[in-house]
Amino acid sequence: MTGILVVLPVVGPLLAAAALLAWPARPLLRRVTGLAVSGLVFVTAICLLAVVRSGTVLTVRIGGWAAVVAIRFAVDVFTGLMLCAVALVVLGCLASAAGTGQDRHPFFVPLALVLAAGANGALLTVDLFNLFVLIEVMLVPSYVLLALRGQARDVRAGRVYVATNLLASTLLLAGVGLLYGVHGSVQLNELVGAARESSRVAAAGGVVLVALAVKSAVVPVHAWLPRSYSEAPPVVVALFSGLLTKVGLYALIRVFAVLYGGSADHQWVIGAAALASMLVGVLGAVGEHSMRRVLSFHMVSQIGYVLLGLALFTHESLAAAIFYLVQYILVKTALFLCTAAVHADRGTDRLVALGGLAMTRPVLAAAFAGAALSLAGLPPFSGFLAKFLLIKAAAAGGAWVAVAVALGVSLLTLTSMLKVWGSVFWGLPGAARPAATGWRPQAWATLPALTLAVATLLLGLAGQQLLILSEAAATGLTNPTEYLAAVLR
Amino acid sequence: MILAFVLAWQVGLAATVPALSRRLGRNVGYPLAAGYAVAAALLLTRLPAILDDDVVQISWRWLPSLDVSAALRMDALSLIFALVVLGVGGLIMAYTPRYLSGSGQHITLYVSLTLFAGAMLGLVFANDLLLLFVFWELTSILSFVLIGQNQPAATRPAVHALLVTSGGGLALLAGFVILMVSLGTSDISRILAQPERLASGPAAAASALILLAVFTKSAQVPFHFWLPGAMIAITPVSAYLHAATMVKAGIYLAMRFSALFGDRRPWSIALIGVGLATAVLGAFLALRQHDLKALLAYSTVSQLGLLIGVIGVGTPESDAAAILYTVAHALFKATLFMLVGIIDHEAGSRDLRELSGLRREMPVTSTMTALAAMSLAGLPPTIGFVGKEAIFEALSEAPGGVWLSWTGTALAVLASVLTFAYAARLVYGVFAGPPRQRGLYEPSWSFLAPAAVAAVAATVAGPLVGLLGPLVVRAANNARPQGEPAELAFWHGFTVALLLSALTVVFGMLLFTFRTRTDRMFLEAPTARPFVSYFDRGYGWLLGFGDRVAAMARAEGPAPFLIMPLLAVLLLGAAATALVGPVSRPPGSLTRPGDLVVLALLVMVIGGLVVARSLLATISLTGLVGLILSVWFVTVGAPDVAVTLLLVEVLTTIVMMLVLRQRPGEPVRRERARPSGAAAVLAAGVGVIAAAGTAALTGRRELSLPARYYLERAEPVTGGHNIVNVILVDFRALDTLGEAVVLSVVALGLAAVLDTAGATGRARAGPPDADLVFGFAYRVLAPVMLLISAYLFARGHEEVGGGFIGALVAGTAVGLGHLAHAGSSVPPLGWLRGRPLLVSGLLLSLTVGLAPVVVGRPFLAPGKLPLPGPLSLSSGVLFDLGVYLMVLALVVSAVRRLGSPGGRRTEAPS
Amino acid sequence: MTAAALLVGLLTAAGVFLVLRGSQLRLIIGFILLGHAVNVLLLSAGVLRWRVPAFADGGLDRADPLPQAFTLTAIVISFGITIYLLGLLRTGGAEASVIEPDPADDDGPTNRPTEVRDRDET
């Protein structure tokens, strides 16, 4: 039974996508199918999480082949948490796409489902080459989604996106190849601590990490993300933001933890990249002029926070990083979905052209405010707890520079969110008129964002459960024996 | 329990506002006021216990894994602040309905105010650092909402206020984290009970950070500028948040943590220094204001400074004085704000230069204002007088040297003199003199009553201070358990403090009398504006700097975005070279003579490719590179790879030709290359790293475990002879499924992009002539190729071949057809459509993969499908067929989409 | 330095050079070359000492089949992406530099900061 649960997050969406393509369905049927399958995956993820939360690790050998050669999917708490978050993001984005009418293209839902399948697979797999393949399964639909509106500008922004990701994929593949060359295996369980013991493995793993860093938009290889995300359709950006870079980040954490875990020689590199990402990202966000661009730069900055937890590599800091990552996925998706609603309403997300939305769209404003405060790390939202955990872990580790940077960046984050808030929700109504299509956003456009914003509030007020799970997940990273034992079973 | 109930009560009140508001409109303030009174009464039921040095507390597990609990605790200090919050809050709630206009939305205002009161209560009750911080930030956020809502001009001051206070809040968080990390607990009462446990290093850092929070929240120099800005909010908000309560949060925090840091000299010095400097500066600035609200705002800054300064003294008497004066200030300052609001409301102005002689028409308002101003100025018999006496006394007896106590006292007296002067100016300016406006009336009693109650209370509390005494004394002991201060009394006899009070009055009167002369002097002095403008300049600079940082991500074209990743590779290569050091020679010979031939050929071809200008040459040379590599792949024992690569190259070339054929202008146009020096250097560097990496990291190990397994066990396990194919179809079928999905998505993508984008390639003038020879050759070749394709597919498991290779061959046939027929007529195999192929392939592969799951075996497990008779079909073949269909789907889509003449396709999407 | 390593280096350098040189078609060809480079790298990861095709009865010195399978998968994936990129060539995006943003569409690119001033700054 667990066997099918483990592969369902990959197979379910793929099957649904194929079915939707086979029978050219009405938009309503597409929507319902998309939401139903994503809901099913969410329920599956919850079930998986419930099974593994006690510390057991579920594994499936695809095809049932011998352990030495089989591709394996494994679910530990970290995986389970990420699967849940990703499923929520997909649900929210599909609902929002339906609400804002962005899913009109007959391929939208199938492509989103394939993307989700790839993302889920990338979270599940233990095999690095399979990771590469599944990341491609995730990326190629994203290439198409970017250009689906068919506007020249999309295609141009898409070119930056495709080129950078292609380079990163090439690099990832090269890294995997080099790991095989040095070590004779591409399975994570065979590679535990290998980089600590051999500098050649460390070098090969470094290639993998650089590739994943590009995909996660870590400074200094971040610029592609704000460039390309800021011109894509907002719901698509929400989907990308919740899935693509986060899967890259997840893989980065997993690979680093398994290969290099606890190796002080390598941690400082991650730490430096983390601090640079936090600073550069937030400064860019402060200086930007449209909601999508501000939020895209924040992605860079927030990735820095998560990496900070990885760099410190204590149990406490890893738990903080995982808590941060999971809640942040929801927060950022909420913010992008708010942007999508604004965009659907006013036809633009440029700050200078907007204003006064707090009066006309109070619920949307409330959802945005909640998510924005959470992003800035203000209580009582989940972002606060996350930031607190991280700062506490940094302080416990004596990383005072990191504490100072984290706090300063938090204030700058607030600054930029206030800039957005002041321009978009307060102030005089801007020059933007309602969208030319005449389509008026309805509650559906706001509801997904609001739901996620409420989720971040609840996670802030009652974060204990997520905290326990994050700690269990961190145990899986600092002490991979259980993960391995299960994988070998 | 009562504490939690009171908090829940406030939230409940806020929750009822929308419903009540529908019926009552603005009058919803009255039931809220009653609600505040109920809460206050509930807390007062515990007064006897509190006076008995007992505490009320309750605690829930909140984040047990962090040892953080939702702990509430009320001692006398908390109770006094809570009563201020609820008492003043109730008055403000009763005041607000008449202040607001009858129409309009007030729900947000009332909800925010009520929640704010709850947050303040939570702040003074919190017995856990984290919980305290949560409430602390909540007050900042609600203050932001209350300042900024409803008018565009308020956004900037609201942002100032929030940035300054939450900046301080972050400092507070840092301070608390230091305490938690070094003490291992976040329980405030436990932390405060043992100040000696805190080492001096963390103590210094934590105290400095907490002070930063105090100074920002309580608007101390140089952070004070947000408070006058916040006066853009409506008067009830100013009166409640920015005079009586929120700014007192800093006072509360400073008092609370005096138990921990009070014995440290820097703590005292910082409090006294910053506080008294603020007191003088604020009073001085208040004196220059014409706008009554601005005057009161600077007055608040000044009075808060005085309080902060007194807290720094650190004697039991000083704590008592600070607590008493906190209550006094809340009372009279809220009153003054309310009265100014009334004046503004009635006279339509709050500018001292426009108001005059209101005492005739508004005698009650005048009297009440005068009473509150007496409190402010420190005149008997008000509570302001008692409080200021206590402050003078505490300062003049401050420990730490005569120098400190005299300077402190002098500054306090100076601030008080200025305070007296502006208080007098306020009363005199508004009410005395000739009346200028006609038709003014005393406001309705319901408007005036809340202010009047507070004004009278502030006055009679002076003589009756003895009633407050026990609670204040107890609270002072809570703040710093160092013995009981002297009881508070209205009359102390002829003391130094009384002398200082008298001095204050005398100098204040002088300052007021000669105001025309002093005003000129004061107005020439530097103003408060520098602080705001420094902040704004910094903010603007920050935005500009951010804009420059963001500019990196605005470049056009992919190349600028690839440079950093490539540089990262260079860096990694350099670092790895340094770390790995020299590597051993690999055993055996990894290079054969043939390799060198291939290398030499490639050097030439690639050299040509790099310098080639014409597109045709570029495409041909690219194909040639693939061809040579295919040959090399054969020599290294990878025939499947070789054949696949060859076919892929052929197909890629066909598609390129098809694409470029639709862009007739293109092939002859010579592309202008970008300056290539830097690109060449970077490319060479990355190339060297790639070569070095490959050389250093490959070729040195024995056969890997999986390789050994495959070579020995693959055939027995699967029955397949071609191990590479077996790996693809069986062992790593998931990879294969993934790549087939990739191809399917590309097929979809081509359909989507080219259908919606309206391909811009221009159609040729007329249908091109089909190449007769080519066409004929094709008609002969196509069936043969299809046969080969089927054969290659079928033998995949045994020899070179399989789904990919077979489909690529078939695809080549389709592609050649399009080339031969040049898009004019429907070529053979033109009936093939991408989407049905794709869908059937995907469904087939997934079904084959899922079938074993139904019978409880793993996903993609191999199996046999029984056919009629003795035959059976292995699942691998079906899976491979699915792959075949998907690969073919891509090729068909590509040649159909890209090979058709430009322009929007009119036929139904396939 | 083995011949294979030199091959990788050569293909990488040429690929990077072409990728950095602006035009879309060169970008695609650059990535094709980079793909080749990785394929050679993957095969060398399987140790090129053994070069006999990996059939079940090949005896000693049979090549490691796993990197070959990797390479096959990689080739097909890059083929797909190459085709997609070629498809993008056919769309308006190829003429990036000559297309001005549509003034009617308010969602224009924000790469001209002088034009887009925030009201916060004023």
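Each chain gets a letter, A, B and so on, in the order its sequence line appears, and its residues count up from 1.
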*Where on B:A600 is there a heavy atom nearer than 4.5 Å to chain C: the side chain, the backbone, both, or neither?*
neither
Measuring heavy-atom distances to chain B, does [X] have an atom under 4.5 Å in its side chain, in its backbone, in both, or in neither?
X     : value
C:S44 : both
C:T82 : side chain
C:L43 : side chain
C:I32 : side chain
C:D61 : neither
C:V76 : both

*Check ion pair B:E712-C:R62 (N to O, under 4.0 angstrom)*: no
*asked:* Less than 4.0 angstrom from a charged side-chain N to a carboxylate O is my criterion; do C:D64 and B:R708 meet it?
replied: no
Side chains of [X] and [Y] in contact at under 4.5 Å (non-hydrogen atoms):
X      : Y      : answer
C:V16  : B:L562 : no
C:L66  : B:F731 : no
B:L651 : C:F79  : yes

*Among B:G693, B:A684, B:P586, B:G699, who wins on heavy-atom pairs under 4.5 Å with chain C?*
B:G699
_So, applying side-chain contact (heavy atoms from CB on, under 4.5 Å) with C:F55, which one of B:H721, B:E715, B:E798 is it?_
B:H721
*Going through the checks in order, is the side-chain contact (heavy atoms from CB on, under 4.5 Å) test met by B:I606 and C:L10?*
CA-CA 8 Å; B:I606 286 177; C:L10 174 67; 3.9 Å; yes
